[in-house]
2 protein chains.
Amino acid sequence: MARRRGDTREQIREVALKLFAEQGYEKTSLREIAERLGVTKAALYYHFKTKEDIVTSLFDDFKTEVDELFAWAREQSVTPEMRREFIRRYAEIIQGTGGTLMRFMQENGPAVRHLKAGDDMRKRFQALADVLVDKDASLPDQIRARLSIFSLHMTLFIRDAIDADDEAVQAAALEVALDLLPTG
Amino acid sequence: MARRRGDTREQIREVALKLFAEQGYEKTSLREIAERLGVTKAALYYHFKTKEDIVTSLFDDFKTEVDELFAWAREQSVTPEMRREFIRRYAEIIQGTGGTLMRFMQENGPAVRHLKAGDDMRKRFQALADVLVDKDASLPDQIRARLSIFSLHMTLFIRDAIDADDEAVQAAALEVALDLLPTG
DNA sequence: GTCTATAGCTCGATAGAC
DNA sequence: GTCTATCGAGCTATAGAC
């Protein structure tokens, strides 16, 4: 099956995300990504200026989705039920590609930390927490709000530790996440 | 101040852990560790056979402490209060060096994953969860038990996100961790 | 858009002097 | 126990042909 025009860039992103998440950012070389696609390193550089640019491109899509969620949140008044719906929508976002990206981010802290794209994401995590909990809430509630988000992220790299199918684990994680919200 | 005899090995461990946690395992070169100590790379190789050996050595101390905790746990009968005490003792272990090591482990998943020392640690995390929750407990309770441990680990890289001093955050994290245990 | 070829660098690790 | 010197390998990135 021949590669369709315009497909290569998207395939680079797919393969890169998969390898970055599995093996880590540093341990995944452009040579390896190129080999999986049956092209050379130089071909990658036609589509992306640097290795970091690939990561930036991956985060951009995700940021768009999260920013749409924030836009929705700004139209609502803050209530417990609104917060619950906010978490549900965030859980939707991290299904599929978004989840793999979050796994990559969680497991590659030091590598991601000094990328500009990583900094943007950290600001958004802070913003997520700010929606879920009042700024003057108790310290335990502050922590619970962050654990709520992490509960959803966690399901992505816990597959082997818990003996159940992915959908059941995700549903359970959502339940836990909702329980962790203030005035549950 | 001259270096005391026998100190070098310990200093290598200290500097390595600090840099591994801050910058990541892959991004920290032996050259950089050596430079901070005012020695050469070759000197490091007198004390440790490989880079991985440094990590192994760091984990070994931690594993000893955790295994002592398991030994204590085996002498107890499993009750809610015993589980609470178990968490309190674990929180003690991850004060100081142990905590930095856990931060390193959490943030360097892909790098640590294929080290033997990392595999040993993952088994122990599973064992921690097995103490905290019954094997046939509900899926949400399984997840909560793991979040309980993560709540303690989390305080180590959340410093900037929450505006409070470290001790207060740690105390709050312990409170949250205890609340997450089954039949709280 | 993709190729070959390579520059330029850093890394982990070793050999052997002191 | 620490040094100098170096090896071989792998990396990101670029130049230039097709």
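All values below were derived from every heavy atom in this structure, side-chain atoms included, with hydrogens, water molecules and symmetry-related copies excluded. Letters go in sequence order (proteins before strands), and every chain restarts at 1.
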> Mind checking what makes side-chain contact (heavy atoms from CB on, under 4.5 Å) contact with Val15(B), not counting sequence neighbours?
Replying inline: Leu19(B), Ile33(B), Arg36(B), Leu37(B)
> Of all residues at least two apart in sequence or in a different chain, which pass the side-chain contact (heavy atoms from CB on, under 4.5 Å) check with Thr97(B)?
Replying inline: Leu17(B)
> Sequence neighbours excluded, which residues qualify as side-chain hydrogen bond (donor to acceptor under 3.5 Å, both in side chains) partners of Gln142(A)?
Replying inline: Arg146(A)
Check the distance between [N]'s [atom2] and [X]'s [atom1] and give it to me in whole angstrom.
X: Glu10(A); N: dG1(C); atom1: CD; atom2: P; value: 14 Å
X: Gln11(A); N: dT2(C); atom1: CD; atom2: C1'; value: 14 Å
X: Leu115(B); N: dG12(C); atom1: CG; atom2: P; value: 13 Å

> Which residues, if any, of residues 41-53 of chain A bring a heavy atom under 4.0 Å of DNA chain C?
Replying inline: Ala42(A), Ala43(A), Tyr46(A), His47(A)
> In residues 24-35 of chain B, what residues come within less than 4.0 Å of DNA chain C, judged by heavy atoms?
Replying inline: Thr28(B), Ser29(B), Leu30(B), Arg31(B)
>> One pair to check against side-chain contact (heavy atoms from CB on, under 4.5 Å): Val131(A) and Leu69(A). What are the steps and the verdict?
In response: CA-CA 11 Å; Val131(A) 171; Leu69(A) 179 57; over 6 Å; no
> Would Ile87(B) and Leu180(B) satisfy side-chain contact (heavy atoms from CB on, under 4.5 Å), going step by step from the backbone distance to the final call?
Replying inline: CA-CA 11 Å; Ile87(B) 279 283; Leu180(B) 282 166; over 6 Å; no
> Which residues pass the salt bridge (charged side-chain N to carboxylate O under 4.0 Å, His left out) test with Arg88(A), sequence neighbours left out?
Replying inline: Glu81(A), Glu85(A)
> Can you list the steps and then say if Thr56(B) with Phe48(B) is a side-chain contact (heavy atoms from CB on, under 4.5 Å)?
Replying inline: CA-CA 10 Å; Thr56(B) 303; Phe48(B) 296 96; over 6 Å; no
> Just to confirm, is there a sub-4.0 Å distance from OP1 or OP2 of dG1(C) to any side-chain nitrogen or oxygen of Thr8(A)?
Replying inline: no
> Checking Lys27(A) against Tyr25(B): charged group under 6.0 Å from the ring centre and within 45 degrees of the axis?
Replying inline: no
